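These numbers were taken from a predicted model, which means no experiment stands behind them.
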Amino acid sequence: MDPYFTSKRHEELRERVREFALREVAPRVAGMEAGRSVCVDLSRLIARQGWIGVTIPRAYGGMGEGHLAKTVVIEELSRVSGAMGAMVQASQLGVAKIVHFGDEEQKKTWLPAVAAGECLPTIAVTEPQSGGHVLGMESTAVREGDEYVLNGSKVYVGNSHVGDLHGVVVRTGPGSRGLSAFLVESDRPGFSVGPQQPAMGLHGFSFGELRFEDCRIPASNLLGREGDGLAVAYSSSVLYGRANLTAVSLGIHRAIVEETARFCAGRERYGAPLADLAPVKLKLGQMNSRLMTARLAAYHAVHLLDHGLPCDAELINAKLVNVEYALDSAREAMEIHAAAGLFTDRPIERLLRDAHHIFAPAGTSDVQRLRLAEFALGTDKGQWSRRLSDVVRREPVPVS
């Protein structure tokens with residue numbers, strides 16, 4: 001499959017990320033699991049490799065390699081650490097809002113810093129009382145002269161505790177046209193971060209609460225125009241969020257299958273490797289079939305996105321398939337490991353916990369199914385991949 005979708009450049013990038021992940025990330029996993037705290041130093045080290053800028057145009061200091069290359073980066077990191085794969089995917093959401101909606105001054109100011117690893121961006125949409133119902137948000141921004149004053153809070157913000165620049169969607173008026181998006185620097189007076197709450201998995205990654213109490217920002221920090229907030233939220237979720245989370249699930253899924261295969265080959269039962277038992281081989285074969293299908297869905301979707309083709313349904317389906325299949329394989333892996341899978345000396349219990357974290361962001365599986373039903377019925381409201389195809393199309397690169 002890889003040669004069909006990927007070029008030599010993609011595979012060279014894969015090798016660089018894989019080598020880095022094994023050298024720098026893998027030795028830190030045990031510490032992140034034990035500490036269950038945000039791994040700031042490693043997040044910064046990954047950012048300095050330039051991979052957060054994989055979709056940033058070269059004119060702004062980025063790699064300009066597109067969404068398939070981004071998938072490769074996130075997949076390889078997530079194969080070793082779902083937490084660090086999640087860190088990169090959350091940063092990429094922060095990139096999306098500036099690439100698609102930032103003016104030239106905002107792009108020149110922030111994109112080179114992100115590409116160089118000097119700035120980690122986020123996007124903040126979800127609120128405690130409204131959850132995934134974007135139009136139910138209540139946080140506000142009020143114009144006062146040359147400034148906006150923000151009040152409210154956001155939750156489940158990826159990179160909350162390491163982010164330098166937060167893309168925040170809040171209310172500036174009523175209804176669907178009353179949402180606007182702003183860039184908020186983390187050192188602004190009136191901005192604060194809530195305590196990091198312990199979670200089931202993704203230890204080392206932060207996804208917490210942002211608070212705004214009379215937080216003043218210049219009017220020039222408005223992204224696009226007033227009323228563009230819904231477009232910022234939805235386009236970032238569809239074009240980046242679902243593809244990014246797909247890549248995290250894919251990396252975790254690969255680790256599940258690889259670890260289970262090693263376990264089956266090395267564990268003996270009845271005087272022979274566990275892998276010789278037909279029921280075990282059937283389960284492992286099913287897991288590998290799921291992985292192959294999930295990877296095909298993931299690569300196909302971002303391949304279309306890189307070529308400027310309508311692909312909202314493919315992106316939605318890729319997230320659904322990858323999340324559900326990773327969870328199914330994690331369950332079967334635990335069945336194969338039996339009691340041995342319950343202990344932390346093996347990674348399978350961590351992979352199971354991490355896989356569950358990808359279920360809800362950018363819409364649960366039922367949300368994806370509802371959207372896919374709308375495409376089947378012809379009642380969808382258009383495709384963000386079509387509307388923004390000129391922006392997301394990958395820059396031409398030499399064939400190699």
Side-chain angles (χ1 to χ4, degrees), residues 1-2 5 14 17-18 21 25 29 67-93 132 156 158 199-205 207 236-260 286-303 305 311-334 347-369 371-372:
M1 180 186 66
D2 283 358
F5 291 111
R14 184 189 304 281
V17 180
R18 180 175 296 179
V25 180
V29 169
H67 292 270
L68 180 53
K70 177 191 64 180
T71 295
V72 168
V73 170
I74 297 172
E75 176 189 359
E76 290 299 328
L77 287 171
S78 300
R79 177 173 169 258
V80 174
S81 167
M84 290 302 101
M87 186 281 294
V88 172
Q89 79 82 21
S91 299
Q92 283 288 337
L93 279 173
Y156 310 134
M200 181 173 73
L202 294 185
H203 299 147
F205 173 61
F207 49 105
S236 296
S237 176
V238 173
L239 299 183
Y240 281 71
R242 285 172 176 141
N244 296 359
L245 293 160
T246 292
V248 177
S249 281
L250 177 59
I252 294 172
H253 197 172
R254 282 184 58 202
I256 289 169
V257 174
E258 291 167 359
E259 177 60 29
T260 305
Q286 181 62 64
M287 291 165 60
N288 200 33
S289 174
R290 289 193 198 100
L291 176 61
M292 293 172 67
T293 303
R295 200 169 191 220
L296 180 61
Y299 279 37
H300 178 234
V302 290
H303 173 80
L305 186 57
C311 57
D312 284 36
E314 285 80 2
L315 291 165
I316 290 167
N317 184 60
K319 203 257 181 179
L320 171 66
V321 167
N322 273 268
V323 167
E324 290 295 325
Y325 279 11
L327 289 170
D328 288 344
S329 289
R331 186 191 66 248
E332 281 197 322
M334 289 295 289
I348 202 68
E349 59 88 29
R350 167 174 60 87
L351 297 169
L352 173 69
R353 290 185 284 105
D354 288 353
H356 278 84
H357 275 256
I358 317 303
F359 178 79
T364 65
S365 292
D366 276 351
V367 170
Q368 314 306 329
R369 294 183 182 103
R371 299 289 83 79
L372 289 171

Visitor: I'd like to check Thr246 versus Thr71 (side-chain heavy atoms, cut-off strictly below 4.5 Å). Are they in contact?
Guide: no
Visitor: Just how far is it from atom CG of Leu320 to atom CG of Asp366, taken to the nearest 0.5 Å?
Guide: 9.0 Å
Visitor: Quick one: CG on Leu68 to CD on Glu75, what's the gap to the nearest 0.5 Å?
Guide: 9.5 Å
Visitor: Return the orientation label for the Phe207 and His357 ring planes: parallel under 30°, perpendicular over 60°, tilted otherwise.
Guide: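 Correct class here is perpendicular.
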Visitor: Look only at the side chain of Asn322 and the backbone of Ala318, and say whether a donor-acceptor pair between them is shorter than 3.5 Å.
Guide: yes
Visitor: Which value, rounded to the nearest 0.5 Å, describes the distance between His67 atom NE2 and Leu315 atom CG?
Guide: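 Going from NE2 on His67 over to CG on Leu315, the span is 8.5 Å.
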Visitor: Rounded to the nearest 0.5 Å, how far does CD of Glu332 lie from CG of Leu327?
Guide: 12.5 Å
Visitor: Under 3.5 Å, is there a donor-acceptor pair between the side chain of Lys319 and the main chain of Val238?
Guide: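 Checking the backbone N and O of Val238 against the side chain of Lys319, no donor-acceptor pair under 3.5 Å is found.
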Visitor: To check you understand the geometry: which heavy-atom pair defines the closest contact between Pro361 and Leu245, and what is its length?
Guide: O-CD1, 3.4 Å
Visitor: Charged N to carboxylate O under 4.0 angstrom, Arg79 versus Glu259?
Guide: no
Visitor: How far apart are the closest heavy atoms of Glu324 and Ser365, and which atoms are they?
Guide: OE2-OG, 2.5 Å
Visitor: Give me the atom names and distance for the closest heavy-atom approach of Gly85 to Ser78.
Guide: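 Closest approach of Gly85 to Ser78, heavy atoms only: CA-OG, 3.3 Å.
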Visitor: Is there a side chain to side chain contact (heavy atoms under 4.5 Å, CB included) between Val17 and Val72? Walk through the geometry before answering.
Guide: CA-CA 8 Å; Val17 180; Val72 168; 5.6 Å; no
Visitor: Are any non-hydrogen side-chain atoms of Val302 and Lys70 less than 4.5 angstrom apart?
Guide: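 They are not in side-chain contact.
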Visitor: Are any side-chain N or O atoms of Gln368 and backbone N or O atoms of Ala362, one a donor and one an acceptor, separated by less than 3.5 Å?
Guide: yes
Visitor: Is there a side chain to side chain contact (heavy atoms under 4.5 Å, CB included) between Leu305 and Leu239? Walk through the geometry before answering.
Guide: CA-CA 8 Å; Leu305 186 57; Leu239 299 183; 3.9 Å; yes
Visitor: Please examine the side chains of Leu291 and Met287, heavy atoms only from C-beta on, and report whether any two atoms are closer than 4.5 Å.
Guide: no
Visitor: Does atom CZ of Phe359 have more than 12 heavy-atom neighbours from other groups under 6.0 Å away?
Guide: yes
Visitor: Heavy atoms only: give me the nearest Ser236-Leu93 pair and the separation to one decimal.
Guide: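 Shortest heavy-atom separation between Ser236 and Leu93 comes out as O-CD2, 3.3 Å.
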Visitor: Please report the interatomic distance CG(Leu372) to CD(Glu314), rounded to the nearest 0.5 Å.
Guide: 9.5 Å
Visitor: Is the shortest distance from a Lys or Arg side-chain nitrogen in Arg353 or Glu349 to a carboxylate oxygen in the other one below 4.0 Å?
Guide: yes
Visitor: Looking only at heavy atoms, what is the nearest atom pair of Ala86 and Leu202, with distance?
Guide: CB-CD1, 4.1 Å
Visitor: Looking at Arg290 and Tyr325, what are the two nearest heavy atoms and their distance?
Guide: O-CD2, 3.4 Å
Visitor: Supply the atom-to-atom distance Ile256 CD1 to Arg350 CZ, rounded to the nearest 0.5 angstrom.
Guide: 10.0 Å
